[in-house]
Amino acid sequence: MHDTQVKVIDETRQGEALDMPGNQTGKKLFLESYGCQMNFSDSEIVASILMENGYTTTRNFEGADVILVNTCSIRENAEQRVRKRLTQFNQSKKTNPSLKIGILGCMAERLKKNLLEEEKLVDLVVGPDAYRDLPQLLEETETGQKAVNVLLSREETYAEITPVRLDGNGVTSFISITRGCDNMCSFCVVPFTRGRERSRDPQTIVHEAKYLFQEGYREVTLLGQNVDSYRWNINSKGEIKDESKPTVNFAQLMEMVAKVHPDLRVRFSTSHPKDMTDEVFEVMARYDNICNYIHLPVQSGNSEVLKKMNRGYTREWYLDRISSMRKHIPDVGISTDVITGFCSETDAEHNDTISLMETVKFDFAYMFKYSERPKTLAERKYEDDIPEDVKSVRLREIIDLQMQHCHESNQRDLGKTFKVLVEGTSKKSDEQMKGRNSQNKMCVFPKGDFNKGDYVMVKITDCTAATLLGEVTEIVSKRA
Ligand code: SAH
Ligand code: SF4
Ligand code: F3S
């Protein structure tokens, strides 16, 4: 089986250098991002802020004046990889002594000054809520000083900043709708690196979606650590903050974005089982342009383990959400995240995860070994006592099972016809184009009289583990 369908990964996306448009004057910036979609979306904000201040980018770090690395702390090996990369970047200082190296994102927030003082890896440390300060901080480093801003904010959403779309396909894009997370899952470092949850003004979100549509984009993904807890003008008790203004919850926000244009597809990530309401499913079912796909991390199939993880739901609750979803949207594609080897997980508890996977049969899954993170509830309260080899065996077991389910899921699609948004030429061959169906599966089909940004109907004739293969039966609409 192809290994991209079932990913065992340390971050959702691994280090990618980003290139951005702009005239080639001013200081040259090399910007590299790790971690989740939120981090990649943040890098677009960073790029926007620095371009406003005269920076241009380079794809070649050896020629850069400034190297910024936007980092992830979710698992220990995510951080190890960045340390190695920083050491490599530091070599360039031998030939270019004025080179400045900065660390952004979650590792910057977690390790703060340690990165300057103990590890001596960087000149600049900037946390996720301090990017507006970057030009000034970079200026401070010019005189040989070190610069730090890791203040977290309760308000910052970068709401009015138009992100510079980096290295994209010009068809699909992200829009951040919330920042931070208030959930405190016991294994997770995100609440410490991203701070308190806050929602972005819905008008700025709709405005960004409209702008993207005008620029030729045909799909937006609304991003948040827990999109279901999006709320505007409502406090955590459900009370209205300002009677003179409208209130907006996630289902309503999604509807507002879906109304921007029927040809603008809407996706969202990540959903949280404890907060995912039927109202969300109802809106999804009502709008053709809201994709029939949900990423709903389960983490474990055992209620005791879920309790220790502080996830706020039981196995039964999760399964109820799945059946309600399938009732409202019969052809919905579902993916998940699973952690194996959490503190004191028994064989029987692990088997509950397996049986849940067998019951749901996810179309796709991201699977990880538990990695203890400093300061988290689990680190303080429980022992990370499952031996590495046991974690590995359990992980292998669920990966093998998921590979089987991915295969079955793709087999079920043979002979079906899907509406696909064309994203570009296929990686493997210039003669093939690719795009996703509503359920988020990548489809590959021969080139024809259509371009990226167009919608086509694709009849599925074959599949690999990772991709559906087919032919275009109809061009539905062309991008103007
Ligand atoms: N906000 C999202 C995802 C956050 S991180 C959510 O609530 O699901 C993405 C995934 O990384 C998580 O779903 C979880 O499966 C995994 N993860 C987070 N912390 C981890 C840790 N300490 N060890 C292993 N996996 C972890
Ligand atoms: Fe982490 Fe839980 Fe928040 Fe997701 S919901 S970011 S797993 S604390
Ligand atoms: Fe990683 Fe931070 Fe995202 S820890 S997963 S980059 S929020």
Side-chain angles (χ1 to χ4, degrees), residues 7-16 32-43 69-79 81-82 103-111 127-129 152 174 176-197 223-230 268-276 294-301 305-306 308-313 318 335-343 345 353 362 365-379 382 384 386 388 391 394-395 398:
K7 278 189 189 156
V8 186
I9 49 168
D10 299 310
E11 306 83 24
T12 8
R13 276 162 84 181
Q14 304 193 345
E16 267 180 34
E32 188 167 271
S33 305
Y34 292 80
C36 61
Q37 293 166 334
M38 190 67 87
N39 243 20
F40 282 75
S41 168
D42 278 5
S43 288
V69 190
N70 197 358
T71 59
C72 174
S73 290
I74 203 81
R75 280 165 292 276
E76 193 178 349
N77 39 10
E79 293 197 353
R81 184 168 300 126
V82 167
I103 186 163
L104 315 178
C106 292
M107 246 177 112
E109 192 60 51
R110 194 179 84 70
L111 294 163
D129 287 344
L152 286 172
F174 299 123
S176 287
I177 63 163
T178 66
R179 293 183 73 80
C181 185
D182 282 352
N183 284 316
M184 288 296 193
C185 302
S186 64
F187 51 79
C188 185
V189 78
V190 172
F192 303 93
T193 62
R194 292 272 164 173
R196 297 305 297 269
E197 183 185 286
L223 285 185
Q225 294 299 345
N226 173 1
V227 288
D228 302 292
S229 63
Y230 176 89
F268 52 91
S269 188
T270 302
S271 305
H272 198 302
K274 82 177 162 62
D275 296 318
M276 184 142 214
I294 297 184
H295 180 62
L296 195 67
V298 66
Q299 315 298 1
S300 165
V305 175
L306 287 169
K308 273 184 148 168
M309 287 178 164
N310 200 27
R311 286 288 288 179
Y313 56 88
Y318 186 88
S335 62
T336 198
D337 291 346
V338 182
I339 298 178
T340 62
F342 186 63
C343 311
E345 182 190 62
T353 297
F362 295 105
Y366 297 93
M367 293 158 281
F368 314 99
K369 279 193 255 185
Y370 173 58
S371 163
E372 186 178 74
R373 307 310 292 131
K375 278 199 191 163
T376 55
L377 220 67
E379 190 242 6
Y382 309 119
D384 179 16
I386 304 302
E388 199 52 32
K391 284 184 185 172
R394 289 183 185 167
L395 182 63
I398 62 166

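Both ligands and their constituent atoms are indexed starting at 1 by order of listing.
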Donor-acceptor contact present, side-chain Asp228 to main-chain His272, <3.5 Å: yes

Residues that Tyr382 engages under ring pair (Phe, Tyr, Trp, His ring centres under 6.0 Å), provided they are two or more places apart: none

Atoms of ligand 2 close to Arg311 [distance to a heavy atom under 4.0 angstrom, numbered from 1]: 2 (Fe), 7 (S)

Numbering as shown, the atoms of ligand 3 that approach Asn39 to under 4.0 Å (heavy-atom distance): 6 (S)

Ligand-side contact atoms (ligand 3) for residue partner Gln225, heavy atom cut-off under 4.0 Å: 7 (S)

Option from Asp42, Asp129, Asp182 for which salt bridge (charged side-chain N to carboxylate O under 4.0 Å, His left out) with Arg194 holds: Asp42

Charged tip of Arg81 within 45° of Tyr34 ring normal and under 6.0 Å: no

Salt bridge (charged side-chain N to carboxylate O under 4.0 Å, His left out) partners for Arg394, two or more places apart: Glu345, Asp347

Residue Cys72 vicinity, atoms of ligand 3 by number, heavy atom under 4.0 Å: 1 (Fe), 4 (S), 5 (S), 6 (S)

Contact with ligand 3 for Gly105, non-hydrogen, under 4.0 angstrom: no

Exam field: side chain Thr336 to backbone Val298, donor-acceptor pair closer than 3.5 Å: yes

Whether Arg194 lies under 4.0 Å from ligand 3, heavy atom: yes

Sole residue of Gln225, Glu197, Lys274 in side-chain hydrogen bond (donor to acceptor under 3.5 Å, both in side chains) with Asn183: Lys274

Close-contact set for ligand 3 against Cys36 heavy atoms, below 4.0 Å: 3 (Fe), 5 (S), 6 (S), 7 (S)

Output block, N or O contacts of ligand 1, threshold 3.5 Å exclusive:
from, atom 1, to, atom 2, distance (Å)
ligand 1, 1 (N), Gln225, O, 2.8
ligand 1, 1 (N), Gln225, OE1, 2.9
ligand 1, 7 (O), Arg311, NH1, 3.4
ligand 1, 11 (O), Arg75, NH1, 3.1
ligand 1, 13 (O), Gln299, NE2, 2.8
ligand 1, 13 (O), Asp337, OD2, 2.6
ligand 1, 15 (O), Gln299, OE1, 2.7
ligand 1, 17 (N), Arg75, NH1, 3.2
ligand 1, 22 (N), Phe187, O, 3.0
ligand 1, 22 (N), Ser371, O, 2.7
ligand 1, 23 (N), Ser371, N, 3.0
ligand 1, 25 (N), Arg75, NH1, 3.0

Near atom 3 (Fe) of ligand 2 (cut-off under 2.8 Å), count of protein N, O or S atoms: 1

Which segment of Cys106 sits under 4.0 Å of ligand 3 when only heavy atoms are counted: side chain

Side-chain donor or acceptor of Lys391 paired with backbone N/O of Tyr370 under 3.5 Å: yes

